[in-house]
Amino acid sequence: MSTAETMRAIRQTVLGGPEVLDEVEVERPAPGPSELLVRVRAAGLNPTDWKHRENGGFLKEPPFVLGWDVSGVVEAVGLGVALFEPGDEVFGMLPYPYGAGSHAEYVTAPARSFARKPASVDHEQAGALPLAALTAWQALVDTADVRPGQRVLIHAAAGGVGHLAVQIAKARGAYVIGTASAAKHDFLRELGVDEPVDYQTTDFAEAVRHVDVVLDTIGGDYRFRSLRVLRPGGLLVTLLPSGATDFIEEADKLGVRAVEMLVEADHAGMNAIAELVEGGKLRATIAGRFPLAEAAKAHALGDTGRTTGKLVLTLP
């Protein structure tokens, strides 16, 4: 049971499978200058969570508390915060990758990591959005500047980032091609995908041509194969940067462009996402809801790689 000085959190002390996650009582944080203390009402999960749980990733060795998505209520503000006050409902992404910690009852983060939660959705819906929606926004809008009529190919279009990227691309007026298994094609069409491609039976690199922008959410050989579908001068944005130069060099040879990106906490981006939500143009599909204490079950489902949309942890 949490107290005025403590809180519940999902922490791990070793790397491994979902079984390494424990619900523990830890010290409640306090906001520093320019920070908010947010009482978490919902926190999304993303593939980066299970990857960090298993191999440490950017966070290296535990102990640590995972989670970058958050929707909740401002409990207290630090010195100099002018945008928010206690009682405000906010949602946002903790600074990636070192700001993890939203899978807990409270979290602190820079005030400008947040935006006001759209009034039209609940905390579960808002908590599912930040990291995945910001990733899609920064890739398609900030980096690719997708414009009306452009052809956009989105890999894993039914996944967490993918299904939000589809909606953002459609809001920009793009013609959207999305890869997914045939069983998910009806879902893709509901999102607005113009041309679903079954990656299990069709080689997208042979079936798709003259694409302006590719969003690569898979990595591996997908990034190299995707270069072949771009029109001259087209752009591939991969969300799994490796630091290798052969991928960029291959793009140069083919007369196309390629960039690697990691998502960044972004107040302006969160406001843009909130505007899309309020305008009815963006909504997360929630594949499963789990109370905080059942985080390990959520991770086990995420490990399958077969979920449609987002998984969310909920707190009363």
Handout entry: Connected via hydrophobic side-chain network under 4.5 Å: Tyr199 and Phe224
Key = yes

Completion exercise
Between Ala284 and Ala128, the two heavy atoms sitting closest are CB-CB, 3.8 Å

Practice task
Please determine, by modelled atom types, if His267 and Asn271 share a side-chain donor-acceptor pair under 3.5 angstrom.
Solution key: yes

Exercise for the section: May I ask you to decide whether Glu206 forms a salt bridge with Arg228, counting only side-chain N to carboxylate O separations under 4.0 Å? Expected result: yes

Exercise for the section: Would you tell me whether Tyr222 and Thr179 have side-chain atoms, one donor and one acceptor, within less than 3.5 Å of each other? Expected result: no

Exercise for the section: Could you check if a side-chain atom of Phe91 sits within less than 4.5 angstrom of a side-chain atom of Pro130, using non-hydrogen atoms only? Expected result: yes

Exercise for the section: Kindly say whether Thr314 contributes a backbone atom to a donor-acceptor pair with the side chain of Glu124 at under 3.5 angstrom? Expected result: no

Practice task
List the steps and the verdict of side chain to side chain contact (heavy atoms under 4.5 Å, CB included) for Tyr175 and Gln150.
Solution key: CA-CA 6 Å; Tyr175 177 93; Gln150 287 191 318; over 6 Å; no

Handout entry: Atom pair CG/CE of Leu240 and Met261 - distance to nearest 0.5 Å
Key = 11.0 Å

Exercise for the section: With the side chain counted from C-beta on, respond yes when His52 and Phe58 share a heavy-atom pair under 4.5 Å apart, and no when they do not. Expected result: yes

Practice task
Would you kindly confirm whether Tyr98 and Met93 end up in one hydrophobic cluster when ILVMFWY residues are joined by side chain heavy atoms under 4.5 Å apart?
Solution key: yes

Problem - Shortest non-hydrogen contact from Gly67 toward Asp49 - result: N-OD1, 3.1 Å

Practice task
Flag yes if Ile286 and Ile168 sit in one hydrophobic cluster, no otherwise; membership is Ile, Leu, Val, Met, Phe, Trp, Tyr, and two members link when side-chain heavy atoms are under 4.5 Å apart.
Solution key: no

Practice task
State yes or no: do Leu66 and Tyr96 share one hydrophobic cluster built from I, L, V, M, F, W and Y residues joined by side-chain heavy-atom distances below 4.5 Å, directly or via other members?
Solution key: yes

Handout entry: Minimum side-chain heavy-atom gap Asp266-Asp142 below 4.5 Å
Key = yes

Handout entry: Test log, rule side chain to side chain contact (heavy atoms under 4.5 Å, CB included), inputs Leu227 and Phe247
Key = CA-CA 9 Å; Leu227 295 174; Phe247 163 61; 4.1 Å; yes

Exercise for the section: Quick one: closest heavy-atom pair of His123 and Ser71, and the distance? Expected result: ND1-OG, 2.8 Å

Handout entry: Lys310: which of Asp69, Leu45, Thr285, Leu129 passes side-chain contact (heavy atoms from CB on, under 4.5 Å)
Key = Asp69

Problem - Leu215-Ile177 co-clustered via ILVMFWY side chain contacts under 4.5 Å - result: no

Problem - Contact summary for Glu105 and Arg8, nearest pair of heavy atoms - result: OE1-N, 2.7 Å

Practice task
Could you tell me whether Arg172 atom CZ has more than 12 heavy atoms of other residues or ligands within 6.0 Å of it?
Solution key: yes

Completion exercise
For Ala180 and Ala158 the tightest heavy-atom approach is CB-CB, 4.5 Å

Practice task
Using a strict 4.0 Å threshold on nitrogen-to-oxygen distance, state whether Glu75 and Arg39 make a salt bridge.
Solution key: no

Problem - Note, Leu262 side chain near Pro97 side chain (heavy atom, < 4.5 Å) - result: no

Problem - Ionic contact status for Arg151 with Asp194, cut-off 4.0 Å - result: no

Completion exercise
All heavy atoms of Pro118 vs all of Glu278, minimum pair found to be CA-OE2, 3.4 Å

Exercise for the section: Would you indicate whether Arg306, at its atom CZ, is surrounded by more than 12 heavy atoms from other residues, nucleotides or ligands within a distance under 6.0 Å? Expected result: no

Exercise for the section: State, yes or no, whether a side-chain contact exists between Leu83 and Phe114 at a heavy-atom distance under 4.5 Å. Expected result: no

